[in-house]
Amino acid sequence: MMKMKRKKITIKKIDDKTARQVTFSKRRKGLFKKAEELSVLCDAEVGLIVFSSTGKLFDYCSTSMKDTITRYNAQDHGINKLNTPSQELQLEASNRIKLDKEIADRTQQLKQMKGDDIEALNLNELQLLEKTLHIGFNRVIETKEKRIMSEISDLQKMETVLKEENKLLKHKVRNKVEVRQMISMMSKTRCPSLIDSKIGIQEERVSLDSISCASDPLFEDDYSDTSLKLGLPFSNRRC
């Protein structure tokens with residue numbers, strides 16, 4: 001008995017919604033089954049995500065869908081990172097070329113502003129250079145005038161401060177002179193009384209010293225010895 005060959009189905013969208021839904025359900029189950037078999041047979045980590053035409057989600061994962069997606073993102077980021085250095089190097093090289101050209105142009109402009117290498121300039125370029133120098137010269141003059149006016153203002157402020165300080169110093173010196181004159185006049189008017197008081201104080205000190213000496217036992221012994229010595233000659237004369 002001859003086997004009938006399976007009719008080959010043309011791969012295209014199924015117009016009938018019911019047939020399309022049935023085909024989707026069958027093929028989805030078969031796809032998930034194949035994914036599971038691949039995972040088991042080859043020890044592979046398989047993740048499968050399917051959205052139906054109505055927007056319904058169907059997924060399968062041999063381990064954890066979240067971990068699988070994280071691993072995928074990390075792998076994709078690593079691939080992009082490997083490609084990044086070449087792009088960065090190209091961009092850096094391009095920027096370096098631009099910077100070198102700009103530096104060369106600026107250097108040439110500075111030379112021309114100093115009056116060097118201007119022979120190759122045409123009339124329009126010379127007029128533009130003259131205009132640029134004139135604008136720069138005017139700015140230099142304006143800046144210089146501003147600096148000079150600022151310094152003059154600062155000097156005037158300093159002058160005012162110094163004048164005030166000078167007035168205060170003169171006032172202090174005048175007060176000191178007046179105080180010294182008053183002290184001198186007072187000392188002249190009170191000098192005799194001060195001298196008398198000093199003499200009286202010295203006399204009081206002498207009298208107090210004499211009293212203290214008279215009350216001192218040592219002083220009494222010396223005095224008694226002296227009187228005895230003086231009395232012996234006197235007694236001899238009487239005899």
Side-chain angles (χ1 to χ4, degrees), residues 13 44-57 59 61 63-185:
K13 181 180 178 181
E45 184 177 353
V46 180
L48 184 60
I49 299 175
V50 179
F51 287 96
S52 67
S53 59
T54 58
K56 191 175 181 180
L57 171 65
D59 61 342
C61 187
T63 55
S64 171
M65 183 60 73
K66 183 178 180 180
D67 295 340
T68 302
I69 292 174
T70 303
R71 183 176 178 181
Y72 171 78
N73 290 332
Q75 183 71 17
D76 184 63
H77 180 70
I79 294 172
N80 293 332
K81 191 174 182 181
L82 292 174
N83 296 329
T84 301
S86 60
Q87 297 176 358
E88 289 181 353
L89 289 174
Q90 291 177 1
L91 182 61
E92 184 178 355
S94 177
N95 291 334
R96 185 173 181 179
I97 293 172
K98 291 180 181 179
L99 288 174
D100 291 340
K101 186 177 182 304
E102 186 175 357
I103 290 171
D105 293 339
R106 296 297 183 185
T107 304
Q108 185 66 21
Q109 288 179 2
L110 288 174
K111 289 182 179 180
Q112 292 173 356
M113 291 179 72
K114 292 179 181 179
D116 299 333
D117 298 338
I118 59 175
E119 291 80 6
L121 299 177
N122 56 29
L123 182 60
N124 292 330
E125 291 174 347
L126 288 172
Q127 289 177 350
L128 181 61
L129 179 61
E130 182 182 7
K131 184 177 179 180
T132 303
L133 290 173
H134 184 68
I135 293 172
F137 182 71
N138 290 334
R139 288 180 179 176
V140 170
I141 291 175
E142 290 177 359
T143 304
K144 183 180 177 181
E145 289 178 353
K146 288 180 180 179
R147 294 288 177 84
I148 291 172
M149 295 302 296
S150 178
E151 290 182 359
I152 290 173
S153 177
D154 293 338
L155 290 173
Q156 289 176 349
K157 291 179 181 179
M158 188 179 296
E159 182 183 5
T160 303
V161 172
L162 291 174
K163 284 182 179 180
E164 293 294 330
E165 291 181 353
N166 193 16
K167 287 181 181 180
L168 291 174
L169 290 174
K170 285 182 178 180
H171 184 68
K172 289 181 180 179
V173 171
R174 190 177 302 144
N175 290 337
K176 288 184 178 180
V177 171
E178 291 177 356
V179 169
R180 287 181 180 178
Q181 290 177 354
M182 290 176 64
I183 293 172
S184 177
M185 292 175 64

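If you read the sequence from its start, that first residue is 1, and numbering goes on from there. What you see is a predicted model; the values in this text were computed from it and never measured. The analysis underlying the following values was restricted to heavy atoms, covering all of them including side chains, and did not include hydrogens, waters or symmetry mates.
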Enquirer: Measuring from atom NZ of Lys114 to atom CG of Leu133, what distance do you get when rounded to the nearest 0.5 angstrom?
Expert: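 Interatomic distance, Lys114 NZ to Leu133 CG, rounded to 0.5 Å: 12.5 Å.
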
Enquirer: For residues 146-155, which residue pairs pass the side chain to side chain donor-acceptor pair (under 3.5 Å) check, not counting sequence neighbours?
Expert: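 Listed by first then second residue: nothing to list.
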
Enquirer: Apply salt bridge (Lys or Arg N to Asp or Glu O under 4.0 Å) to residues Lys101 and Asp105 and explain how you reach the verdict.
Expert: CA-CA 6 Å; Lys101 186 177 182 304; Asp105 293 339; 3.3 Å; yes

Enquirer: Please check if the side chain of Ser184 supplies one atom and the backbone of Arg180 the other of a donor-acceptor pair under 3.5 Å.
Expert: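 Flag not set: sc Ser184 to bb Arg180 has no pair under 3.5 Å.
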
Enquirer: At what distance, to the nearest 0.5 angstrom, does NE2 of His171 lie from CZ of Arg174?
Expert: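 Spacing of NE2 (His171) from CZ (Arg174) equals 7.5 Å.
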
Enquirer: Going from NE2 on His134 to CG on Asn138, what distance comes out if it is rounded to the nearest 0.5 angstrom?
Expert: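 Taking NE2 in His134 and CG in Asn138, the distance rounds to 4.0 Å.
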
Enquirer: Rounded to the nearest 0.5 Å, what separates atom OG1 in Thr132 from atom CG in Leu128?
Expert: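 So the OG1 of Thr132 and the CG of Leu128 are separated by 4.5 Å.
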
Enquirer: How would you list, by chain and number, every residue that makes a side chain to side chain contact (heavy atoms under 4.5 Å, CB included) with Leu123, sequence neighbours excluded?
Expert: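 Scan of Leu123 (side chain to side chain contact (heavy atoms under 4.5 Å, CB included), adjacent residues dropped) gives Gln127.
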
Enquirer: When rounded to the nearest 0.5 angstrom, what distance separates CG in Asp67 from CD1 in Ile69?
Expert: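 CD1 of Ile69 is found 9.5 Å from CG of Asp67.
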
Enquirer: Is Lys163 paired with Glu159 through a side-chain N to carboxylate O contact shorter than 4.0 Å?
Expert: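 Looking at Lys163 together with Glu159, the answer is yes, because their closest N to O distance falls below 4.0 Å.
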
Enquirer: Please test Met65 against Ile49 for side-chain contact (heavy atoms from CB on, under 4.5 Å), starting from the C-alpha separation and ending with a verdict.
Expert: CA-CA 9 Å; Met65 183 60 73; Ile49 299 175; 4.0 Å; yes

Enquirer: Can a donor-acceptor pair be found, under 3.5 Å and without considering hydrogens, that links the side chain of Asn166 to the backbone of Leu162?
Expert: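 Checking the backbone N and O of Leu162 against the side chain of Asn166, no donor-acceptor pair under 3.5 Å is found.
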
Enquirer: If you take all heavy atoms of Thr107 and Ile103, which pair is closest and at what distance?
Expert: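 The pair with the smallest heavy-atom distance is OG1-O, 2.7 Å.
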
Enquirer: With a 4.5 Å cut-off on side-chain heavy atoms, are Leu48 and Val50 touching?
Expert: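 Side chain of Val50 against side chain of Leu48, heavy atoms only: contact under 4.5 Å found.
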
Enquirer: For Ile118, check side chain to side chain contact (heavy atoms under 4.5 Å, CB included) against everything at least two apart and list the hits.
Expert: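 Testing Ile118 for side chain to side chain contact (heavy atoms under 4.5 Å, CB included), a comparison that skips the adjacent residues, returns Gln112, Leu121, Leu126, Leu129.
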
Enquirer: Just verifying a value: how many Å separate Glu130 CD and Ile135 CD1, rounded to the nearest 0.5 Å?
Expert: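 Going from the CD atom of Glu130 to the CD1 atom of Ile135 covers 11.0 Å.
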
Enquirer: Under 4.5 Å between any side-chain heavy atoms of Thr68 and Thr63, yes or no?
Expert: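 Thr68 vs Thr63: side chains touch.
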
